[in-house]
Number of protein chains: 2
Amino acid sequence: MAIARLAAATTASALAQRLREAIDGGHWQPGDLLRQEQIAAEYGVSRIPVREALAQLQNEGLLDVAHYRGARVSRPQAQEIDELFDLRLMVEGDLLARALGQHDQRSLRELKRLQDALEDADDRLGWIAGDIGFHEALYGPARRLRSLALFRQLRAPIDRFSAQALSPGTRKQGWADEHRQLIATVAAKDAAAAQEILRNHLQATRAVVLAACSSQGES
Amino acid sequence: MAIARLAAATTASALAQRLREAIDGGHWQPGDLLRQEQIAAEYGVSRIPVREALAQLQNEGLLDVAHYRGARVSRPQAQEIDELFDLRLMVEGDLLARALGQHDQRSLRELKRLQDALEDADDRLGWIAGDIGFHEALYGPARRLRSLALFRQLRAPIDRFSAQALSPGTRKQGWADEHRQLIATVAAKDAAAAQEILRNHLQATRAVVLAACSSQGES
DNA sequence: CATGGGATAATTGTATCCAAAAATAGCGGG
DNA sequence: CCCGCTATTTTTGGATACAATTATCCCATG
């Protein structure tokens, strides 16, 4: 089982991770049909774990699976993306407000460290993973496990567009700036300012993602 | 396939529904261990769809599944329930605000009809299903599919406690009253009042659910 | 008598095989 | 030539069979 080597409890979850990366990395495009047999052969496993991985990705919102008709990479509508960002604004705003009072020297240092590491990374998937890690560290002190899980869930269908949106470089600068401003306002315990930065951060990302989404929408 | 008769595309989803009802109905208690073989035998299917159903219920938050160690009915902490209600307040408040302007004669009549049917039902599971239906009709005109799905998701781990909380009868009265007040304020397009009623409705439910949750917490 | 080790049984994860459904190709009629 | 229908192929869903892991029991030992 060559695939299971890469740190995963079960073959299905390892596969799910691989497929997630493949979608985020643009290896599979929206609308593409994922054949169970093909994936099974490609990774050297049977179709059972493949099916479980596909089911997992389905309810992460990355795939649309129709009965007896295969799994396709989902093609989110702009309206849907928009809605997801509205939800993120609510959930992440709440998390940030609750985390603000819980941050301390150590958590702030950790945030800075993550941000430094993040800016050094040079591949898109690394940025995405790093961005998730940064925001988790930012919201973590709120100790709201369910909200944090929801944060991840709301990102999942979006991140593949972020990945290609960040590549130009210009947006990457603003993105990093906003992260550093977030750290600063959190360190200063300035709730209003932090909320404002987060709002701007998400609004800017929303615009970029919507552009990326609609630009590849025609096929 | 005796089970598939009940309106479901796939055996796994039919099983998932049955198991959900079994948990909501109190047939399975928090901490109970669900054996794949046993469930498979009970419903006359193989373990494959059972596994898929269990995976489904896992990410609905009804089960805790550990590798090679079986699936247990989850035992939510009071803190977790509390968090879920906070999220519901945000999401449902937003949905209600957006739906308010979209309601018309027909949708309001539908709401009244659902509420009437709801109050006639005499079994707990029927109340829950009816309550979900009512709120979906209430939020539906907002046309926010993702938020509506999130609404369902946030309820899932809670509803089994609501089911047993509603049985006394006293709370059922307040619950019905609040529903009727919601209809009235929506009909009057009074956003502030509707928000206030919804808030009270959820807060009251929260208290009852927390009581039910902590009372059966010891075992 | 408590405790740790090892064989045994029970249970989950995966592979292989069969059945049901859908996509596709080939054929006849308009 | 195009359209609709049927037969074949392909693909998915489910059942059975096997491998890997964990839990249980039993006994030896301090």
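To find a chain, count down the sequence lines: A is the first, B the second, and so on, and within it residues start at 1.
- Taking atom CD of E37(A) as the reference point, atom P of dT9(D) lies 17 Å away to the nearest angstrom.
- The base of dG14(D) lies outside donor-acceptor range of the side chain of R51(B), with no N or O pair under 3.5 Å.
- Aromatic ring pairs are classed by plane angle as parallel below 30°, tilted from 30° to 60° and perpendicular above 60°; the pair Y139(A) and F151(A) is perpendicular.
- The shortest distance between side-chain heavy atoms of R206(A) and L202(A) does not fall below 4.5 Å.
- Look at CD on Q38(A): it is 15 Å from P on dT10(D), rounded to the nearest Å.
- For the pair H67(B) and R47(A), nearest-nucleotide mapping onto DNA chain C gives the more 5' position to H67(B).
- Distances shorter than 4.0 Å separate none of the side-chain N or O atoms of T11(A) from OP1 or OP2 on dG13(C).
- Computed from coordinates, the Y43(A) OH to dT14(C) P distance equals 16 Å when rounded to whole Å.
- Note on R35(B): only backbone sugar-phosphate atoms sit closer than 4.0 angstrom, heavy atoms only; bases stay farther off.
- Residue I48(A) contributes atom CD1, which lies 9 Å from atom C1' of dG13(D) at whole-angstrom precision.
- Closest to the side chain of Y68(A), from the set dT12(D), dA20(D), dA15(D), is dT12(D).
- Between the side chain of H103(A) and the backbone N or O of L138(A), at least one donor-acceptor pair lies under 3.5 Å.
- No donor-acceptor contact under 3.5 Å links the side chain of R69(B) to the base of dG13(C).
- Residue Q36(A) places none of its side-chain N or O atoms closer than 4.0 Å to OP1 or OP2 of dT10(D).
- Side-chain contact annotation: Q56(A) with S13(A), donor-acceptor N/O pair under 3.5 Å absent.
- One atom, CD1 of I39(A), and another, C1' of dT11(D), lie 13 Å apart when rounded to the nearest Å.
- Here dT24(D) presents its P atom at 10 Å from CG of L33(B), a figure rounded to the nearest Å.
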